[in-house]
Amino acid sequence: MYHRIQPETDKRSDLAVTVKAFQSQMALLKKQGYQTITLAGLSRSCRDKTLLPARSLIITFDDAYASVYEWARPCLAAVGFIATVFVVSRSVGQYNFWDDGQNLPRLACLGISELRNLADAGWEIGSHGAEHLNMADLSHEQLKQETADSKLELEKKLERPVEVFAYPFGSWDEPARQAVQSAGYCAACAISPGTSSVTANLFALRRVYVKPTDSLWDFRRKVSPWYLSYRAWKKR
Ligand SMILES: [Zn+2]
């Protein structure tokens, strides 16, 4: 799980990974023989019980910052990878309005033509809600707006199906999960709750948070198949 990719280090943010670090991480994955798949592809293979390539990987970007297009896209294209980008439907072509009033930088979000270009290049576009709300404890009406309405809005703009979802802040509860499922999504990403299998819950998939402070060694450890099991074991 990534958010921002940018040339310079941002000491105030634990969401901004430098281009240089990202490039080395992608080169390592390529060298290790990984290939990228989509969340919808993962969901289908679980449903149909078909096998995925042994070293399958899903790269995700939350919040759909413009920097993903500018900096991450060329790095990924260079090694033949795609990614999944989670868009806040009301922020298309706007900025990170959900951070207003928190003394955080204003960052441009991807516009519709950039999102369409990414989709044309094989990227998966998912929803990150309509307004980037914490989805635990929302009313029925708000849950519908964040899940079903954001899906429709993005589909109308993109002219493509939007099949996957990521909970803002990785936060969800049972009504939120049900809303995502009944809105017609086939999978949803959380962050890393401590169940044993990555795919134990397709509507709260575990993700590994790649931090700006991670060395290449940390990264190598984090993407190893044992990392999430280790984290789950440590949390017991
Ligand atoms: Zn977010």
Side-chain angles (χ1 to χ4, degrees), residues 1-6 10 12-18 22 38-40 58-73 76 83-112 114-115 118-119 123-138 142-151 153-155 157-158 162-173 175-177 179-180 183 185 187-193 201 203-214 222:
M1 174 181 73
Y2 294 94
H3 290 75
R4 292 156 57 191
I5 305 294
Q6 57 182 54
D10 181 351
R12 293 165 308 164
S13 169
D14 58 357
L15 300 178
V17 171
T18 64
F22 186 68
T38 59
L39 275 162
I58 298 171
I59 299 169
T60 69
F61 294 96
D62 284 12
D63 304 340
Y65 292 117
S67 65
V68 166
Y69 194 87
E70 190 176 1
W71 301 106
R73 182 185 53 102
L76 290 169
T84 301
V85 59
F86 291 111
V87 185
V88 177
S89 61
R90 294 196 185 153
S91 76
V92 175
Q94 307 285 319
Y95 71 101
N96 53 331
F97 61 81
W98 56 92
D99 286 332
D100 277 352
Q102 295 183 66
N103 202 18
L104 291 166
R106 240 182 206 217
L107 300 160
C109 290
L110 291 166
I112 200 63
E114 293 158 325
L115 287 169
L118 290 176
W123 285 46
E124 181 173 44
I125 314 293
S127 166
H128 198 34
E131 295 195 352
H132 203 280
L133 301 178
N134 182 329
M135 289 183 54
D137 276 335
L138 288 189
Q142 279 175 309
L143 281 177
K144 188 182 158 286
Q145 170 196 299
E146 295 302 304
T147 57
D149 297 358
S150 77
K151 185 178 197 290
E153 194 177 338
L154 285 172
E155 287 178 339
K157 285 178 176 159
L158 289 163
V162 170
E163 301 177 283
V164 296
F165 189 88
Y167 303 98
F169 316 102
S171 165
W172 62 282
D173 57 8
R177 189 198 60 77
V180 168
Y185 295 99
C189 285
I191 299 181
S192 57
N201 185 348
F203 288 90
L205 284 160
R206 304 173 66 192
R207 288 188 291 175
V208 175
Y209 184 168
V210 183
K211 299 202 167 169
T213 46
D214 287 342
K222 280 186 165 181

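Source: prediction; values computed, not measured. We count ligands from 1, going down the list as the structure has it; atoms in each ligand are counted the same way.
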Thinking salt bridges, do D149 and R90 make one under a 4.0 Å N-O criterion?
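Answer for the salt bridge query: no.
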
Regarding H132 and N96, do their side chains bring together a donor and an acceptor under 3.5 Å, going by distance alone?
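No.
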
Check for a donor-acceptor pair, side chain of R4 on one end and backbone N or O of S67 on the other, with a separation under 3.5 Å.
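Not at all, since once roles are kept as given, no pair shorter than 3.5 Å links the two residues.
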
Are F165 and Y167, when compared by the centres of their aromatic rings, separated by less than 6.0 Å?
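Judged by ring-centre distance (under 6.0 Å), F165 and Y167 do meet the cut-off.
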
Would a line drawn from the ring center of Y209 to the ring center of Y2 be shorter than 6.0 Å?
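No, they do not, as the ring centres are separated by 6.0 Å or more.
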
Can you list, by chain and residue number, the protein N, O or S atoms under 2.8 Å from the Zn ion (ligand 1)?
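N, O, S partners closer than 2.8 Å: D63 OD1, H128 NE2, H132 NE2.
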
Output all residues satisfying salt bridge (charged side-chain N to carboxylate O under 4.0 Å, His left out) with R73, sequence neighbours left out; order by chain, then residue number.
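Counting only residues at least two positions away or on another chain, R73 forms no salt bridge (charged side-chain N to carboxylate O under 4.0 Å, His left out).
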
